[in-house]
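For reference, the structure discussed in these notes is given below.
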Amino acid sequence: MGKSSHLEYVIRVIDAMSVYKVRQPVLRGGKPIESCVFEGDDLETTIHVGVFVAGELVAVSSFLKNKHDKVLSECQYQLRGMAVLESFQNKGLGSIMLNYGEQLLKNKLTGVIWCNAREVALNFYKKQGYTIVGEPFNIKNIGLHYTMKKKLT
């Protein structure tokens, strides 16, 4: 059991179906649960991580083995669907989850992790050691995003 801002939490690998109940209200509010199912969620190489507080799943992230043409590394993973329930935001759980996932990927000899970050999350990722790659782009019905990467090895 870890502690973050006086929160007792448990972090562990979870199944794909579990991530949707946190992704939906945070990333796809007002949209059907099906909009939270991402391509690659059910691949054997995809890793889903969840943070539990008092037995309740409050934060999720997924790590998908996927290559980006602007990221040079043989073994790379994409961070997708990182979400923390609103009442648990700004308590350090995103950083804890990201560090946990990065450690899992280092153990798999992953060279680089990358993500398509929403504009509002830029500073969070910069604080975690991520840098912007290329130009910002718009994802329809979601908004402006930046590709960001971090070298793991």
Side-chain angles (χ1 to χ4, degrees), residues 2 4-5 7 9 11-14 16 18-31 33-51 57-153:
S4 176
S5 303
L7 273 182
Y9 68 87
I11 185 167
R12 63 180 167 86
V13 173
I14 59 175
S18 298
V19 300
Y20 306 138
K21 65 182 177 187
V22 176
R23 272 188 197 167
Q24 199 270 338
V26 178
L27 302 177
R28 301 287 190 266
K31 295 184 175 139
I33 196 86
E34 294 78 30
S35 70
C36 300
V37 178
F38 299 160
E39 187 178 331
D41 274 348
D42 56 357
L43 293 176
E44 215 174 280
T45 53
T46 300
I47 302 165
H48 303 282
V49 172
V51 178
L57 182 61
V58 301
V60 298
S61 58
S62 300
F63 300 89
L64 172 72
K65 191 169 188 173
N66 192 14
K67 286 196 174 230
H68 190 288
D69 59 357
K70 290 191 170 112
V71 176
L72 302 175
S73 175
E74 270 310 301
C75 186
Q76 53 183 278
Y77 266 74
Q78 178 185 6
L79 166 65
R80 292 199 68 192
M82 179 180 259
V84 179
L85 291 178
E86 192 173 356
S87 58
F88 291 91
Q89 290 177 4
N90 301 310
K91 298 184 186 306
L93 295 179
S95 299
I96 289 163
M97 197 167 33
L98 195 53
N99 291 334
Y100 183 86
E102 288 174 2
Q103 193 55 54
L104 291 175
L105 295 178
K106 283 180 188 176
N107 293 341
K108 291 181 169 290
L109 304 178
T110 302
V112 174
I113 184 172
W114 63 274
C115 65
N116 291 323
R118 292 174 186 226
E119 192 169 23
V120 297
L122 279 181
N123 286 336
F124 167 78
Y125 288 109
K126 285 178 179 176
K127 286 178 190 170
Q128 305 301 318
Y130 286 70
T131 57
I132 294 173
V133 178
E135 297 299 314
F137 59 96
N138 194 53
I139 296 180
K140 188 179 178 188
N141 300 323
I142 299 172
L144 195 62
H145 283 68
Y146 294 78
T147 300
M148 300 187 83
K149 71 172 184 173
K150 180 177 181 180
K151 196 171 170 121
L152 296 180
T153 56

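In terms of heavy atoms, K108 sits closest to Y77 at CD-OH, 3.9 Å. Minimum interatomic distance between T110 and L152 (heavy atoms only, all atoms of both residues): O-CB, 3.5 Å. Between R118 and L27 the shortest heavy-atom distance is NH2-O, 3.2 Å. Of all non-hydrogen atoms in L85 and L57, the two that sit nearest each other are CD1-O, 3.8 Å. When every heavy atom of V133 is checked against every heavy atom of K70, the shortest pair comes out as CG1-CB, 3.6 Å. Contact record, C75 with K65: SG-CE, 4.4 Å, taken as the closest heavy-atom pair.
Each of V19, L104, I14 was evaluated against V49; a single residue qualifies, L104, per the side-chain contact (heavy atoms from CB on, under 4.5 Å) test. Results of the side-chain hydrogen bond (donor to acceptor under 3.5 Å, both in side chains) test with Q78 over N66, T46, T147 single out N66 as the only residue that passes.
Remark: the S62 side chain and the R23 side chain contain an N/O donor-acceptor pair separated by less than 3.5 Å.
Rounded to the nearest 0.5 Å, atoms CZ (R28) and SG (C36) are 6.5 Å apart. Summarising the geometry, atom CG belonging to L98 is positioned 5.5 Å from atom CZ belonging to F63; distances are rounded to the nearest 0.5 Å. For the atom pair CE (M148) and CG (N116), the distance works out to 11.0 Å, reported to the nearest 0.5 Å. Separation of atoms OH (Y9) and CD1 (I96) is listed at 3.5 Å; rounding is to 0.5 Å. Interatomic distance, Y100 OH to L93 CG, rounded to the nearest 0.5 Å: 14.0 Å. How far NE2 of H145 is from CD1 of I139: 3.5 Å, rounded to the nearest 0.5 Å.
Applying the salt bridge (Lys or Arg N to Asp or Glu O under 4.0 Å) test to every pair with at least one member in residues 92-106, sequence neighbours left out, gives these pairs: E102-K150.
Using a 4.5 Å heavy-atom cutoff, the side chains of Y125 and L79 are in contact. For the pair L122 and I132, the minimum side-chain heavy-atom distance is below 4.5 Å. You'll find the side chain of V26 stays beyond 4.5 Å of the side chain of V60, heavy atoms only.
Side chain of Q76 to backbone of V71: a donor-acceptor contact under 3.5 angstrom is found.
The environment of NZ in K31 is crowded: more than 12 heavy-atom neighbours from other residues, nucleotides or ligands sit within 6.0 Å. For E86, the CD atom counts as loosely surrounded, since its 6.0 Å shell holds 12 or fewer non-hydrogen atoms of other residues, nucleotides or ligands.
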